[in-house]
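To keep things clear, I will list the structure first and then write my remarks on it.
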Amino acid sequence: MPGIGVRYDLTTRENRHLSVVAHREGGRTLSTYRQDDPDECALSVRLTAKEAEALIGALMPSHHSPALLSTTELGLVAERVELSSVSYWNGRVLGETRMRTETGASIVAVLRRADAIPSPAPDFRLAGGDTLIVIGTREGVEAAAAILGRE
């Protein structure tokens, strides 16, 4: 598409027609077409470069690997829980939460600013603004979030 960008077309396994126009300035236009008339556009969405990047990340996360364990079929969930600066746990050590004993959920990592701390030990000191990666059953993770939300 001279002066505009490049158009990519795709027909899905369900015989749906999609196109993406990659605009020269970085934006994208995602369009779907009617099944009964593939020349008629059913939906067209214009995305900024940043929005297109977010969509690409959602469709094909960079951390995706076929070797990763998919926890949902096992009845497990993994969630991020942010620790508030006014949290009761701000400045306390992880072991004091008795997280695994009380909820059955585990804190498998802590994200702090630009760092990731995998498998934090019971003597790890929590800080407001930390994001804790919690894994367990849905009920266990919700109970963990409630404990961590204590002020």
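By convention here, the first residue in the shown sequence is residue 1.
For the atom pair CG of Leu83 and CG of Asn90, the computed distance is 6.0 Å after rounding to the nearest 0.5 Å. In this structure, the separation between CG on Leu18 and OG on Ser31 is 9.0 Å, given to the nearest 0.5 Å. From Ile107, atom CD1 reaches atom CD1 of Ile133 across 10.0 Å, with rounding to the nearest 0.5 Å. With rounding to the nearest 0.5 angstrom, the CG atom of Leu76 is 11.0 Å from the CZ atom of Arg138. We find the CZ-OG1 distance between Arg150 and Thr97 to be 11.0 Å, quoted to the nearest 0.5 Å. Here the straight-line distance linking atom CD of Glu40 with atom CD of Gln35 works out to 13.0 Å at 0.5 Å rounding.
With hydrogens and angles disregarded, no donor-acceptor distance shorter than 3.5 Å links the side chain of Arg24 to the backbone of Gly5. At least one donor-acceptor pair under 3.5 Å links the side chain of Asp130 to the backbone N or O of Ala127. Not a single donor-acceptor pair under 3.5 Å links the side chain of Ser106 to the backbone N or O of Val108.
The number of heavy-atom neighbours closer than 6.0 Å to CZ of Arg92, taken from other residues, nucleotides and ligands shown, is above 12. Atom CZ of Arg80 has 12 or fewer heavy atoms from other residues, nucleotides or ligands within 6.0 Å. Residue Arg112 places its CZ atom among more than 12 non-hydrogen atoms of other residues, nucleotides or ligands, all under 6.0 Å distant.
The two residues Val141 and Ala105 have their closest heavy-atom pair at N-CB, 4.2 Å. Nearest approach of Val93 to Pro122, heavy atoms of both residues: CB-O, 3.6 Å. The two atoms that bring Thr103 and Ala144 nearest to each other are CG2-N, 3.7 Å, heavy atoms only. Nearest heavy-atom pair, Ala52 versus Leu47, reported as atom, atom and distance to 0.1 Å: N-CB, 4.1 Å.
Residues Val21 and Arg7 have side chains in contact (heavy-atom distance under 4.5 Å, counting atoms from C-beta outward). Leu148 has its side chain within reach of Met99: a pair of non-hydrogen atoms, C-beta onward, lies under 4.5 Å apart. Taking 4.5 Å as the limit, some side-chain heavy atom of Leu132 sits within range of a side-chain heavy atom of Leu126. Side-chain atoms of Val45 and Leu43, non-hydrogen and from C-beta on, do get closer than 4.5 Å to each other.
Note on Leu30 and Tyr33: separate hydrophobic clusters, where clusters join Ile, Leu, Val, Met, Phe, Trp and Tyr whose side-chain heavy atoms are under 4.5 Å apart, directly or indirectly.
Remark: of the listed residues Asp39, Thr12, Thr11, Thr11 is the sole one forming a side chain to side chain contact (heavy atoms under 4.5 Å, CB included) with His17.
Contact check on Arg28 versus Glu53 returns no salt bridge, with no Lys/Arg side-chain nitrogen under 4.0 Å from an Asp/Glu carboxylate oxygen.
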